[in-house]
Structure formats: C-alpha cells, structure tokens
Amino acid sequence: MGHIIALAGKGGTGKTTTAALLVRLIKEKKLGSCLAVDADPNSNLGESLGLPAQESIGIILDQISAHPDKIPAGMPKDRFLEYRVGTAILEGNGFDLLTMGKPEGPGCYCYINNVLRNIVDKLIKDYDYVVIDNEAGLEHLSRRTTRQADVLLVIADATKVGLRAAKRVNDLSEELDIRIGKRLLIINKDSGEADSALIKGTGLEHIGSIGVDQALARISSNGSSVMDLPPDALSLNSLANIGESIWQRN
Ligand SMILES: Nc1ncnc2c1ncn2[C@@H]1O[C@H](COP(=O)(O)OP(=O)(O)O)[C@@H](O)[C@H]1O
Ligand SMILES: [Mg+2]
C-alpha cells in the first residue's frame with residue numbers, strides 16, 4: 001500500500017518545489033517506487049521534475065464528454081476512464097507522474113469524481129510512495145484523488161501571516177472528509193525568526209526548516225528542474241535531514 005504524502009499550503013510557499021525534492025530523495029535513497037501526483041492546476045510539478053508537457057486527467061475528461069462515441073462499443077465508461085488514466089501516467093526516470101489538470105466546470109460531476117477517486121485509490125496501491133502536490137484549498141484531496149493521506153505536509157513561511165495560513169490549511173483538512181495520519185509542518189525560506197507560539201498554534205508538528213536556497217532560484221530562472229540541483233544544494237540537504245519523519249511508516 002502506497003505511503004501517501006500530501007503537500008499543502010498557501011501559493012508560493014514552496015509546495016511544488018518541496019514535492020519535487022521529495023520525489024528526488026525517494027528515488028536517490030532507493031526507498032521504493034514513487035508516483036508523483038500534480039493536483040494543483042496552477043502549478044506544474046512535471047516541469048519541476050524535468051518532464052515534458054503531460055496529458056492531464058482534466059483534458060481526458062473533456063475529451064470523453066465531447067466525444068462519447070470514441071468509447072469502444074461494449075466498454076463501460078468507467079472502465080474506459082480507468083484505461084485512459086493509465087495511458088496518462090508518464091514514466092520518469094525513477095518515478096511516475098500523474099497530472100490531474102484543471103478541475104471540472106460548473107455543474108455536478110459527483111459521479112465522475114467518485115469514479116476518478118476509485119481509480120486513483122486503486123492506482124496508489126501499486127506504488128510504495130505517492131507524493132501529491134495539492135492546491136491551497138485541498139479540493140482534489142476531498143473530491144477527486146483520494147480521501148486519505150499518511151502524511152499531511154504543510155509548507156509555510158516563517159511570518160505571522162504564513163503560520164496563520166498553515167493553521168487554516170490544517171483546520172480545513174480536519175473539516176473535510178479526509179483521513180490523515182501525521183500532520184507535519186515545514187517552514188520554508190526560513191530566516192530563523194518564526195514565533196514558537198504561532199508554530200504551536202498551527203496544530204502541526206514542526207519537523208524542520210529549509211533556508212533560502214539560491215540554487216533553487218537559479219534553476220527556476222533557467223527553466224531546469226530539481227533533478228539538476230547540485231547534490232550539495234541547501235534545500236536538498238535540509239529536506240534529506242528531516243525526511244525520515246516524512247517517509248517513515250508507522
Ligand atoms: N527554499 C527556497 N529557497 C529559495 N527559493 C525557493 C525555496 N523554496 C521555493 N522557492 C522558490 O519560490 C517560488 C515558489 O515555489 P513553489 O514551489 O512554486 O511554491 P508553491 O507550489 O507553494 O506555489 C519558486 O520560484 C521556487 O523556486
Ligand atoms: Mg505549486
């Protein structure tokens with residue numbers, strides 16, 4: 001059964017970067033097979049992992065609804081969707097990637113969301129590790145991907161505003177119908193000034209911090225991926241040091 005690590009936090013805090021770094025570490029430490037799930041339509045986990053443009057589940061759903069005639073005769077729609085989800089999984093070097101893409105338009109897609117969630121739940125079982133890069137509102141976790149996570153990993157900056165946002169994400173995850181094992185906090189772009197009372201107030205276990213890493217700024221400006229970061233990069237090493245509490249199963 002996949003060890004599911006779901007990242008959450010306000011936009012710009014470093015979720016996608018941290019998710020990509022985790023995938024790299026899981027691969028380099030040979031912890032097992034890994035599926036990266038991009039569940040934030042506003043970011044691009046694939047790009048951060050150095051993969052080319054991907055076919056997304058959103059696009060596939062649009063295609064199926066626009067051309068229902070393309071479903072092979074006699075094949076139930078949910079079986080066809082399962083097959084298409086399978087074809088959308090991109091094989092990277094040492095990990096796979098599933099891109100969820102944009103959410104559905106207005107109207108009730110409850111049926112399709114349920115089908116999709118069952119497909120993703122089944123898929124997750126094939127991997128040792130699943131790293132899900134979520135959007136701030138945790139929409140996918142509650143509706144489309146899976147309703148369980150072994151680890152909710154909230155990324156926040158060290159400011160008062162940042163830590164209050166982390167608390168809101170944690171509160172939201174408790175209101176939603178999601179089963180969560182550990183609730184962890186990483187302070188990113190940390191300059192050491194985080195208030196311990198505010199950290200405690202998030203309700204999350206603060207497992208460590210990642211400082212400002214100039215090497216990350218360099219790779220994002222020249223369009224390369226976290227796979228190109230030098231092995232001595234600060235962010236990679238900080239995360240490697242606190243990683244044990246993230247990928248350990250209990
Ligand atoms: N520790 C860090 N040091 C320096 N820059 C960082 C760090 N973490 C993230 N960044 C940069 O911050 C920006 C936002 O990060 P990103 O991972 O896209 O955030 P999110 O997915 O939460 O919106 C990116 O340009 C990224 O390179
Ligand atoms: Mg992102």
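Order of listing sets the numbers, starting from 1, for every ligand and every atom in it. Sequence positions, counted from 1, serve as the residue numbers for this chain.
There is no side-chain donor-acceptor pair under 3.5 Å between Thr16 and Ser48. Counted by atom type alone, Asp128 and Ser33 present one or more donor-acceptor pairs between their side chains at under 3.5 Å. In summary, the side chains of Asp38 and Thr99 do not present any donor paired with an acceptor at a separation below 3.5 Å, with no hydrogens or angles considered. Under 3.5 Å, the side chains of Ser173 and Arg183 contain a donor-acceptor pair of N or O atoms. Side-chain contact annotation: Thr13 with Asp157, donor-acceptor N/O pair under 3.5 Å absent. Between the side chains of Asn170 and Thr202, no donor N or O sits under 3.5 Å from an acceptor N or O.
Atom CG of Asn222 has more than 12 neighbouring heavy atoms from other residues, nucleotides or ligands inside a 6.0 Å radius. For Glu47, the CD atom sits in a loose shell: 12 or fewer heavy atoms of surrounding residues, nucleotides or ligands are nearer than 6.0 Å.
Within the 4.0 Å heavy-atom criterion, neither part of Ser43 lies near ligand 1. Heavy atoms of Thr18 found under 4.0 angstrom from ligand 1: none, in either backbone or side chain. Neither the backbone nor the side chain of Gln214 comes within 4.0 Å of ligand 1, counting heavy atoms alone.
Any N or O atom pair closer than 3.5 Å counts here, and Val212 shares no such pair with ligand 1. Checked against a 3.5 angstrom limit, the closest N/O atoms of Thr13 and ligand 1 fall inside it. When only interatomic distances are considered, the shortest N/O to N/O separation between Thr17 and ligand 1 falls below 3.5 Å.
Counting atoms of ligand 1 from 1 in the listed order, those under 4.0 Å from a heavy atom of Ile210 are 1 (N).
Residue-ligand proximity: Gly12 is placed with a non-hydrogen atom under 4.0 Å from ligand 1. Contact between Gly211 and ligand 1 is present, with at least one heavy atom of the residue lying under 4.0 Å from the ligand. Residue-ligand proximity: Gly11 is placed with a non-hydrogen atom under 4.0 Å from ligand 1.
Of the charged side-chain nitrogens involved, none lies within less than 4.0 Å of a carboxylate oxygen, so that Arg147 and Asp121 do not count as a salt-bridged pair. Salt-bridge check for Glu55 with Arg84: passed, with a basic side-chain N closer than 4.0 Å to an acidic carboxylate O.
Counting protein heavy atoms only, atom 27 (O) of ligand 1 is closest to Ser220 OG, 3.6 Å. The protein non-hydrogen atom at the shortest distance from atom 8 (N) of ligand 1 is Asn188 ND2, 2.9 Å. With hydrogens left out, the protein atom closest to atom 2 (C) of ligand 1 is Leu216 CD1, 3.5 Å, a heavy atom. Atom 3 (N) of ligand 1 has its closest protein heavy atom at Asp213 N, 2.8 Å. Scanning the protein for heavy atoms near atom 18 (O) of ligand 1, the closest one is Thr16 CB, 4.1 Å. In terms of protein heavy-atom proximity, atom 19 (O) of ligand 1 is closest to Gly14 N, 3.0 Å.
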Exercise for the section: Applying side-chain contact (heavy atoms from CB on, under 4.5 Å), run through Ile4 and Asp150 and close with a yes or a no. Expected result: CA-CA 5 Å; Ile4 305 171; Asp150 298 288; 3.8 Å; yes
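Here atom 11 (C) of ligand 1 lies nearest to Lys189 when heavy atoms of Lys189, Glu47, Arg218, Lys10 are compared.
Under the 4.0 Å distance rule, the nearest protein heavy atom to atom 24 (C) of ligand 1 falls outside the cut-off.
With a cut-off of 2.8 Å, the Mg ion (ligand 2) has an N, O or S atom of Thr16 in range.
Here the NZ-CG distance, from Lys102 to Leu61, works out to 8.0 Å after rounding to the nearest 0.5 Å.
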